[in-house]
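Have a look at the structure below, then the notes.
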Amino acid sequence: MARMHIGILTGGGDCPGLNAVIRAATLALLDAGVRVSGIERGFMGLMRGRMRPLTAPDVVDILDQGGTILGTHNKADPFHDVGHGGADVSQRVLAFAREKALDAVVVIGGDGTMTIAHRLHQMGLPMLGVPKTIDNDLALTERTFGFDSAVAVVAEAIGRLRTTARAHGRVMIVETMGRYAGWIALEGGLAGGADAILIPEIGFDPQAVIARCQQRERGDDDDSPSARFADGSTVICVAEGAAPIGGSMTVAQRLDDSPDPIRLGGVGEHLRAMLEPHLRSEVRTTLLGHVQRGGHPTPFDRVLATRFGHAAAQMALRGQFGQMVALQADACVAVPLESVAGRTRCVPLDHPLVGAARSLGVCLGEP
Ligand code: F6P
């Protein structure tokens with residue numbers, strides 16, 4: 001009987017920990033006698049027939065490497081091939097999988113990747129998902145790997161911004177990624193000790209943020225005892241998807257050839273323009289951008305990615321396809337791909353961290 005043959009691909013935006021999943025899944029599958037192939041640049045590899053064998057020496061040393069040894073693609077969609085006038089090339093993908101005797105594909109990605117995986121699975125190519133994204137916004141899993149690494153970058157940035165903010169008595173705005181969910185800003189802001197945290201789930205009142213900055217600022221001639229001991233600085237952590245009450249999110253770019261065409265970004269600058277006329281302090285904005293996605297995964301993410309990769313391999317060996325590995329109550333479980341596809345997990349307003357932030361006196365922009 002032919003050996004089982006499993007392909008692995010990484011789809012959508014990269015994040016720290018992808019290589020740790022590839023490593024864990026590959027080593028576990030090889031150990032069980034399975035043939036493993038790496039599909040290059042996400043679904044583009046399936047669409048253009050680019051795949052290479054993965055062996056132990058290929059993966060053994062990649063645990064802490066950022067990025068992905070397989071490459072990724074955020075526009076590759078077999079149901080809409082932009083390189084071929086938007087043609088549906090899904091049948092070609094299935095033919096390629098048959099020709100290479102692929103029994104199944106492990107796809108490591110976010111909601112866009114899971115949506116495509118679900119459709120291919122329905123057409124007869126067995127798929128198995130592993131949840132990645134710095135945004136932590138995938139349905140039915142309490143955590144995605146990559147998130148902890150992004151939070152670490154935000155916390156470090158806030159720590160650095162705080163010292164320079166204090167030196168000048170400035171307001172420092174730091175804008176995080178996260179798309180339509182505020183997880184990165186909320187956890188990064190709390191970990192860095194931000195004075196205000198603005199997330200998409202809570203529309204902010206500019207007056208509330210102005211009032212918080214005014215409470216903290218100190219004028220050059222202000223010699224009252226409380227002012228003498230105040231450093232005058234304010235650090236605001238704002239998620240790229242945050243918006244003022246009644247306003248809309250700030251769109252940086254529209255990429256019409258992408259399955260997810262909206263790129264958010266720039267709310268930090270808008271906020272600066274809203275605050276500055278009302279403050280004596282200078283206001284500066286830092287946009288962290290892709291720094292949050294680069295570099296080594298944190299030890300937490302290395303372990304989570306290893307757990308996910310191992311669990312995916314076990315599911316493949318059991319023939320448990322059409323599922324995604326998920327973390328629930330700190331255990332790796334399987335959830336149906338169809339229940340994840342196209343859904344976003346935002347911060348619930350009654351989340352304990354929202355309550356904790358409020359009780360610490362962190363301004364959430366609420367009126
Ligand atoms: O989904 C991950 C993410 O980094 C988001 O936080 C961000 O909005 C988006 O991807 C950026 O995408 P791109 O890398 O295409 O600019």
Side-chain angles (χ1 to χ4, degrees), residues 10-18 21 41-44 66-68 70-77 80 82 107-117 129-139 141 143-155 157 174-189 197-201 237-243 248-270 285-295 297-298 301 304-305 324 340-347:
T10 49
D14 69 307
C15 78
L18 287 169
V21 179
R41 303 204 65 210
F43 288 109
M44 193 55 78
T68 159
L70 297 175
T72 187
H73 205 299
N74 64 357
K75 294 178 186 160
D77 179 355
H80 186 84
V82 285
V107 297
I108 312 169
D111 60 347
T113 304
M114 296 307 152
T115 303
I116 295 172
V130 178
K132 72 88 223 197
T133 166
I134 62 165
D135 303 336
N136 200 34
D137 63 350
L138 270 183
T141 185
R143 211 81 175 170
T144 55
F145 69 88
F147 172 62
D148 188 67
S149 304
V151 166
V153 172
V154 175
V174 53
E175 178 179 323
T176 72
M177 281 187 164
R179 281 203 314 178
Y180 308 113
W183 295 107
I184 299 178
L186 180 60
E187 289 209 12
I197 300 175
L198 307 177
I199 60 176
E201 294 83 353
C237 182
V238 59
E240 63 181 359
S248 39
M249 294 183 184
T250 311
V251 175
Q253 254 183 310
R254 276 172 212 278
L255 306 175
D256 289 329
D257 54 351
S258 166
D260 179 13
I262 304 291
R263 292 295 178 278
L264 297 174
V267 64
E269 262 308 289
H270 281 180
T285 304
T286 302
L287 204 156
L288 290 178
H290 291 82
V291 170
Q292 293 157 100
R293 281 213 330 232
T298 57
D301 274 339
L304 183 61
M324 184 188 83
V340 177
R343 288 177 60 194
T344 300
R345 189 178 72 96
C346 288
V347 178

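Treat the numbers as computed from the prediction; the structure is a model and nothing was measured. Order of listing sets the numbers, starting from 1, for every ligand and every atom in it.
Here CD1 of I184 is found 8.0 Å from CE of M177. Values are rounded to the nearest 0.5 Å. Note: T133 OG1 to F145 CZ = 9.0 Å, rounded to the nearest 0.5 Å. Rounded to the nearest 0.5 Å, atoms CZ (R41) and OG1 (T10) are 10.0 Å apart.
Qualifying salt bridge (Lys or Arg N to Asp or Glu O under 4.0 Å) partners for R345, counting only residues two or more places apart in sequence or in other chains: none. Remark: T298 pairs with D148, S149, A152, F300, D301 by the side chain to side chain contact (heavy atoms under 4.5 Å, CB included) rule, at least two apart or across chains.
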Any protein N/O atoms within less than 3.5 Å of an N/O atom in ligand 1? List the atom names and distances, or say none.
unit_1, atom_1, unit_2, atom_2, d
ligand 1, 1 (O), D135, OD2, 2.6
ligand 1, 4 (O), R293, NH1, 2.9
ligand 1, 6 (O), D135, OD1, 2.7
ligand 1, 6 (O), G178, N, 3.0
ligand 1, 8 (O), E240, OE2, 2.5
ligand 1, 10 (O), R293, NH1, 3.1
ligand 1, 12 (O), R263, NE, 3.4
ligand 1, 14 (O), H290, NE2, 2.9
ligand 1, 14 (O), R293, NH1, 2.9
ligand 1, 14 (O), R293, NH2, 3.1
ligand 1, 15 (O), N74, ND2, 3.2
ligand 1, 15 (O), R263, NE, 2.7
ligand 1, 15 (O), R263, NH2, 3.4
ligand 1, 16 (O), H290, NE2, 3.2

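Sequence neighbours left out, the pairs with a member in residues 177-187 that pass salt bridge (charged side-chain N to carboxylate O under 4.0 Å, His left out) are D111-R179, D135-R179, D137-R179, R143-E187, R179-D260.
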